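So the structure is just underneath, and the comments pick up after that.
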Amino acid sequence: MPWLRVVEAFKSPPGSRVTIKGWVRTRRDSKAGMSFVAVGDGSCFEPIQLVVPSSLANYESEVLRLTTGCSVEAEGELVASQGKGQAVEVQATSLKVVGWVDDPDTYPVSAKRHTFEYLRDVAHLRVRTNTFGAVARLRHTLAMGIHRFFDERGYFWVHTPIVTASDCEGAGEMFRVSTLDALNPARTPEGRVDWAQDFFAKEAYLTVSGQLNVETYACALSRVYTFGPTFRAENSNTSRHLAEFWMVEPEMAFADIHTNMDVAESFIKSLFRCALDERADDMAFFNQHIDKTVIDTLTKTIESPFERITYTEAVNILKKQIASGKKFEYPVEWGANLQAEHERCLTEEVFKRPVIVRDYPKQIKAFYMRLNNDGRTVAAMDVLVPGIGEIIGGSQREERLDVLDARLEETKLQKEAYWWYRDLRRYGTVPHCGFGLGFERLILACSGMQNIRDVIPFPRTPGNAKF
RNA sequence: UCCCCGAUAGCUCAAUGGUAGAGCGAGCGGCUGUUAACCGCUAGGUUCUAGGUUCGAGUCCUAGUCGGGGAGCCA
């Protein structure tokens, strides 16, 4: 009898003889001489119902003792269901218990509602719930969608390093990577820690971005992207930050900020479409139980163009909002960073759809962003979406060596440390651009989930690296 | 890191400074082609930790730990 995943069983014709393997979700007994056992194996949202007759030899001894979480292996015939609630079910001819649940009373994910906060403490078991199973499948589907999007457009996936010994990565606290004895490190004659004796013979860290590395590949392969884990040692305690998260960073040669915006917009839309088309079962669940507007939001986002404005226009719009009575905690002033409340106002109240803001004052952006002709703004862009805020940050890169050097000087960075980055501008430089998309923030947007800790299997945050 | 809120049964939550309760889950029984099943019974507690105030603290005070919401940093 062929072993079918539940998702395959649902697609098989009635009369098929099948083997199902999975975990018990619920059990209901009927005095009509049978038990109904819902079994899920994670292959799709819906569990499949086994109809287990009381005539089985182990019915009294085992089937009636099944509880949520037990693993089972059942054989039977796929039949049209006599009951409501499911089209097909398995009329079981045998049911073998593979693994019991030790103590059903304390099984952490019993068949009842649990809060997400509680489930984070049992992250090893929470994926057995409806919500976390759906998130896990959506996460996979979006990851595959990302690779497909770029593959179809001729981008090459570049595996930029996780460990970086070049201190070129700029802003953001980094995690140190070291094999020195923390209690008794090698020391220089002056008594300082002697990093020359460390594993990489210099200070090393976990990457905060693959961008600088991937630029080198863009300046040879033309269209490339990275997709991998990223680490930030910031003490951020919010529902939108993780110490370890996944980031997608495309980088394109012979392309300017406008191409960058075009790619970012079609990228987001493509992924929203991917979620709706390929995870319809899980999306229906999210829409019903997590966020009743999520499918509508994704659909509308796909159908309408993103708003595109400059930072200067954004400031003017926000000032008009204030003039007509809108209250902000922080002032709106040209030259200052847009606060979360300002970004939210733009995307949620003024335009009510995704907004791309570009051309920010150079003093609030990174050294590598291309200086505009006005001499005071750079070709940077942020994509803001309702409910999440910033989901993408990117820019056209400064390809002119003299301008780059001037910016390095302005921001008090050491030219020598960026020697290979500067080489790209010395040898056949080209206009190029790219952006970074927070993968978990994308999953938040697609699912309607509220907390970023619930869309990654094992979240790492300040003070927490359990599991 | 800053501001605010919280921690009581396996889970979600009640309890005026005066005998710690309910719903769900679990166990047992009943009923039923069941499906958030339903009905009855039973078990289940170091009230986060350490101090303090009080005749008496789940409740008030102090410190800590953990969690949530918001802010900053960003993706």
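Quick note: numbers below take in every heavy atom, side chains included, and nothing from hydrogens, waters or symmetry partners. Bear in mind the structure is a predicted one, so any value in this text is a computation, not a measurement. In what follows, chains carry the letters A, B, and so on, assigned in the order in which the sequence lines appear, proteins first and then strands, with residues in each chain numbered from 1.
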Strictly below 4.0 Å: does [X] bring a side-chain N or O up to OP1 or OP2 of [N]?
X        : N     : value
A:Ser236 : B:C73 : no
A:Arg65  : B:C28 : no
A:Ser110 : B:A26 : no
A:Ser30  : B:U32 : no
A:Arg240 : B:G72 : no
A:Asn237 : B:G68 : no
A:Arg113 : B:G25 : no
A:Gln339 : B:G72 : yes

Nearest-Å distance, [atom1] ([X]) to [atom2] ([N])?
X        : N     : atom1 : atom2 : answer
A:Leu119 : B:C66 : CG    : P     : 20 Å
A:Phe245 : B:C73 : CZ    : C1'   : 12 Å
A:Glu117 : B:C11 : CD    : P     : 14 Å
A:Arg25  : B:A37 : CZ    : P     : 12 Å
A:Phe116 : B:G67 : CZ    : P     : 18 Å
A:Leu384 : B:C74 : CG    : P     : 14 Å
A:Arg128 : B:C11 : CZ    : P     : 17 Å

Whether over 12 other heavy atoms sit under 6.0 Å from A:Gln450 CD: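 Not more than 12 within 6.0 Å, no.
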Using a 4.0 Å heavy-atom cut-off across all strands, classify [X] as base, sugar-phosphate, or nothing.
X        : answer
A:Ala38  : nothing
A:Gly436 : sugar-phosphate
A:Asp103 : nothing
A:Glu89  : base

Ionic contact status for A:Glu203 with A:Arg176, cut-off 4.0 Å: yes
Parallel, tilted or perpendicular: which describes the rings of [X] and [Y], with under 30° parallel and over 60° perpendicular?
X        : Y        : value
A:Phe367 : A:Tyr421 : perpendicular
A:Phe227 : A:His147 : tilted
A:Phe467 : A:Phe458 : tilted

Residue from A:Phe306, A:Phe150, A:Tyr155 passing ring pair (Phe, Tyr, Trp, His ring centres under 6.0 Å) with A:Phe267: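 Among A:Phe306, A:Phe150, A:Tyr155, the one that satisfies the ring pair (Phe, Tyr, Trp, His ring centres under 6.0 Å) with A:Phe267 is A:Phe150.
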Non-neighbouring partners of A:Glu265 that pass side-chain hydrogen bond (donor to acceptor under 3.5 Å, both in side chains), sequence neighbours left out: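 Only A:Lys269, A:Arg308 meet the side-chain hydrogen bond (donor to acceptor under 3.5 Å, both in side chains) criterion with A:Glu265.
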Nucleotide forming a Watson-Crick or wobble pair with B:U1, both distances under 3.5 Å: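 Its partner is B:A71.
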Pair assignment for B:C66, Watson-Crick or G-U wobble, requiring both distances under 3.5 Å: B:G6
Test item: A:Tyr311 and A:Leu338 side chains (from C-beta on) under 4.5 Å apart, heavy atoms: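 Contact flag for A:Tyr311/A:Leu338 side chains = yes.
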Same-atom distance (C1') from B:G44 to B:G21, integer angstrom: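 It comes out at 13 Å once rounded to the nearest Å.
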C1' atoms of B:C24 and B:A43, separation to the nearest Å: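 Those two atoms are separated by 16 Å.
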Any donor-acceptor N/O pair under 3.5 Å between B:C74 base and A:His241 side chain: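 For A:His241, whose side chain was compared with the base of B:C74, there is a donor-acceptor pair (under 3.5 Å).
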Side chain A:Gln86 and base B:U34 donor-acceptor under 3.5 Å: yes
What pairs of nitrogen or oxygen atoms, one from the protein and one from nucleotides 40-46 of chain B, lie under 3.5 Å apart?
none

